[in-house]
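See structure below.
Values below: every heavy atom of this structure, side chains too, minus hydrogens, waters and symmetry copies.
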Amino acid sequence: MSQRIDLDHGRFRQIIRGKIKQNLRKYISQGEMIARKGKDTVSIPLPQVDLPRFKWGDKQGGGVGQGDGQVGDALGQGPEKPGQGEAGDRPGEHMVELEVSLAELAEIMGEELELPRIQPKGTEKIIAWKDRFTGIRTTGPESLRHFRRTFRQALRRQVALGTYDPKNPVIVPIRDDKRYRSWRSDPLPQSNAVIIYMMDVSGSMGDEQKEIVRIESFWIDTWLRSQYHGIESRYIIHDAMAKEVDRDTFFRTRESGGTMISSAYKLCAKMIEDEYPSELWNIYPFHFSDGDNWSIDDTHACVELLKQKILPAANLFAYGQVESPYGSGQFIKDLAEHFDEDERVVTSEIKGKDAIMDSIKEFLGKGR
Amino acid sequence: MAGLRRFPAYLRDRQEEIEGHARAYGLDFFPIIYEVLDYKTMNEVAAYGGFPTRYPHWRFGMDYEQLAKGYEWGLQKIYEMVINTNPAYAYLLEGNSLVDQKTVMGHVCAHVDFFKNNYYFSKTNRKMIDGMANHAALVRRHMARHGQDVVEDFIDTCLSLENLIDPMSPYISRVAPGRDGRDGRDGGDAEDGEGDDVPRLRAKQYMDKFINPPEYLEAQKKKKDEEKKRARRRFPEEPQRDVLQFLIQHAPVEPWQRDILEIVRNEAYYFAPQAMTKIMNEGWATYWHSTIMTQRAASAAEIIDYADATAGVLATAPGRLNPYKLGVELFRYIEQRWNKGQFGKEWEECDSLDAKRDWDRRLGLGRRKIFEVRRLHNDITFLDEFFTLEFCVEQRFYSFGYSERSGSWEIQSREFKKVKEQMLRMLTNRGQPFIYVEDGNLENRAELLLRHAHDGTDLDLAQAKDTLRSLHKVWTRPVSLLTRVEGKGKLYRCDDGNITEKSAEYPA
C-alpha cells in the first residue's frame, strides 16, 4: 500500500517539476531563489496546483466566527471558510512553498536548457576501492564464516534428515552447510573540479551588473555541482590589481579604478599551476566583466596568458560580458577575434537579467 | 497493508469497555473494526479519504504531502479516521496515549451511530470499500488501454466538475413527468410547417385584402411563430442541477470517459452527506466522547489529559467556525431546553425574559430529543431550527466579511439575524454556488448553457473560466455560463479554449 501513495506522490512531484520548469526563466532571472537557499534545498514559491471549480469569489463572502471582539475589529489571519479549502486575502494567488533539492533543481535546469552531461576530463580518476559486504556465498575463508547462517543451514538439514533431537540439540555443520560473507569492491570514482570565478569590480561595474553575475554564478555552480562529486570554488576580484577573496566579498565589493584584466588571469594561472594540476582536476575559469579593458597591450597580455597557461589546463574558459552603461564592451570582440576557432573558449553577452538563461546555455551547452 | 499493526489486546479490552458504555447510553452502531496505523500510513489513508484503495491520481499525492508536512512540522495530527461502511472501519494512530485512544473510540462509536441512523446517510453504499476498489480497478484498466496521461487528464477535467451534483436528489424526486416521451436533442425542428395557417375570415376574393388585411395577417403570423418557438420543448425540460448526470447522459464522450464521469459522480455522491452533516456529525461524536469519558471511562488520573486534548479539539480561532464546538454546544443546548421543557407553543409565546430564564418544567426529554435530532436533521435544518437568539448571544457568535475600506477581514455584526443568515448561507449547498444546466441545445446549435443562480455572491471568475474549459472538454461543443458580476449580467462562452465575455440579460 505504501507503494500506491508513493506512485501518486511521485506523480504529484512530477507535475510540480513541470511547473518549475515552465517558470524556470522567471525564477532564474529574479534571483529570489538564492535568498531561499537552505543547506541543500531551496524552497520555491509555486502557485497552488489545484483543480478549478465553480466557487464563490472570496471578497464578497464572509463567514461566522465565535469569541471575543467588537464589531469592526480585524481578524488576525485570513479566515478559512468551510467547504472552500483555503481562503487567503488574495484570491487565486495561493502560494505553496515547495522544497526542492539543489540536485533536483540542477536536473530540471539541465532538462529545460538541454544541457549535455559533462564528460569529465581523462578517464575517471579512481581514488580508492571500497569493500562492502553484500551477500553470502558457499565458499570462503574461515575467518569470514557467517555463524548464524551456517548454523541455520545445518539445522535445516538435520531437521530434514530427521537427525535433529530436540532433547539433545547438537548441531554439527558439514562442509555444505557452511556460509561465508561475500563482498564487493566498489570503485570510488572521484573527479575533482574547481571553478575559478573572476569578476571585474572596477568602477563601471554597478550593483545591477553584480547581481547578474551573482545569479549566473549561482546557477553555474548548481549545475557543475550536480556533475561532479567534489567541487571547489575560488573567487578572484580585480580592478587594476587582482586578489583572491571569499565568496561573500566577491559579490559585495565595489572598487573603483581602472581595469587590467591580465592581473586576474595572471592570478588565475598561478592558482592553477600551484594547486590544480590539470591532469587531476577539471578546471572551469569563469570571468565576468563589462568588457572595458585598460589598454590594447593589456588585452594582448590576456590573450597570451590564456593561450599559454590557462587554456591548456582548463576544460572550459567562459567569459561573460555584462552590459554596463560605461563599458566599451570591446573585450569580447578581442576574445572572439583570437579564439574564434577554439572551442575551449565560450563567450557570452549578458544584456540583462532576462538573458541569464541563454547565457548559461551558451556556457554549459557544450558539455565540457 | 503495509504499516498495519495488529489490534493489540489491551486496546481490544478498551474497545469492549467503551462500546459497552456507548450501548448503555443508547447508541446504536455497526460493528467497528479498528486498525492501528503508524503516522505515515495514517496520512496515506487520510489522503485517500479514508479508503485504502482509490484510483491512482496525483491529487492524493498532493494531499499526502500536505498531511505529511503538517505532521512533520508538528502543526497537525490526525487522531482518528472512520469510514462510513458496514462494518465500519476506524483507524487509530499508533503511539497515542491510552486516554486519547479511549476518547477516540468514544468519538468513533458516535460517528458510526450517526452514519447508521441519520437519514441523510440512509442512501449511501455501505460497501463503499468495495465500490472504491472497483473504481480503482476500472480506472487502472482504462489507463492500461488508453495511457495514463490521457486518463489522468480526463480525471482532472471531471474532478473540476465534481461539485456540480444535486446532493438532495437521493432523497426526493425532482423529475416532473415529461409532457411527451420524446428526447429533446433531436426533436424540435421537423414539425415546422408552413406558417400560412393563420385563420382568415372567409371573403370573396376582391374583398379579401380588406377583410383580411395583409398587415393583420403578418402580425398574426408573427405571433404564432413566437408561440411556437416558446412551445418548442426545452432541453432539459427543467433546469437541471446534476450537471454531471446531464453530461453522462448527453455528452458525446467515449465509453471509458463515461466510466470516469460516473466514477467521479458516484464518489461525489458518496461523500456529499458527510459534507452536509459535518457540524452535526462532529458535534454528536464530541458530545458522546465527552459524556462517555467524563461520566464513565476516564479514571481520575486520566481526566486532565482528556480535558487537555478535548480543549484543543474545541478551540476556536478568529474567523474560523469550529464544527466540533458549534455542534457539541448546540446539542447540549437542545438537550437542556428539552430537559427543562423550553419548547412548544407556550414557550414560543412567552414574552417575559424572567419567566423564560427560570423556565423549568423538569420534563427530562433532552436525551430523547437529541437522538431524534440526530436521526432527522442535516446541518442546515439543524441550525435553522435550533440556532436561536439565546444560543447566538450565549456563544458569542459574530459574522465577518471583507472590508474594502480597511483591506482586511473584520467582524461585521453581532446581530442575531445577520449572523444566522450568514451561517445558513455558508451551509447552503455546502457553501458552493448553485449551477444549473439551463439549455443543452442553445440556439439549436447543441451548445450548452449553464446558469449560475446568483444569491448575492459573485463567482471566482478565474476559476470559473478554467472550469468552463473543463466543461468544454467534455461537452466538445461551445459551453456558456450565465452569471452576474457586480450586479450586471454576463455571459461567458468557451469555444475551443478561448473564453469570450459579453453582457447578457440576467433574469432577476
Item to check | Qualifying residues under side chain to side chain donor-acceptor pair (under 3.5 Å), relative to A:Asp68, sequence neighbours excluded | outcome: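 Expected list: B:Arg396.
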
Checklist entry - So with a 6.0 Å cut-off around NZ of B:Lys418, is the heavy-atom count from everything else above 12? => result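 No, not enclosed.
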
Next on the checklist: Using a 3.5 Å distance criterion without hydrogens, assess whether the side chain of A:Arg4 forms a donor-acceptor pair with backbone atoms of B:Pro52.
Outcome noted: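 Checking the backbone N and O of B:Pro52 against the side chain of A:Arg4, a donor-acceptor pair under 3.5 Å is found.
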
Which of the residues [options] is involved in the greatest number of heavy-atom pairs with chain A at under 4.5 angstrom?
| options | answer |
| --- | --- |
| B:Arg59, B:Met423, B:Glu410 | B:Glu410 |
| B:Lys420, B:Arg54, B:His57 | B:His57 |
| B:His452, B:Lys465, B:Lys278, B:Gln148 | B:Gln148 |

Contact class of [X] relative to chain A, heavy atoms under 4.5 angstrom:
| X | answer |
| --- | --- |
| B:Ser399 | both |
| B:Ile435 | side chain |
| B:Leu481 | side chain |
| B:Lys325 | side chain |
| B:Ala275 | neither |

Next on the checklist: Please confirm whether the ring centroid of A:Phe12 lies under 6.0 Å from the ring centroid of B:Phe60.
Outcome noted: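 No, too far apart.
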
Indicate yes or no: does [X] engage [Y] in a salt bridge with an N to O separation below 4.0 Å.
| X | Y | answer |
| --- | --- | --- |
| A:Arg11 | B:Asp149 | yes |
| B:Arg469 | B:Asp466 | yes |
| B:Glu421 | B:Lys417 | no |

Item to check | Part of A:Gln14 lying under 4.5 Å from any heavy atom of chain B | outcome: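 Neither the backbone nor the side chain of A:Gln14 comes within 4.5 Å of chain B.
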
Checklist entry - Quick one: of A:Val64, A:Asp73, A:Leu51, who has the most non-hydrogen atom pairs under 4.5 Å with chain B? => result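 Heavy-atom pair counts peak at A:Val64.
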
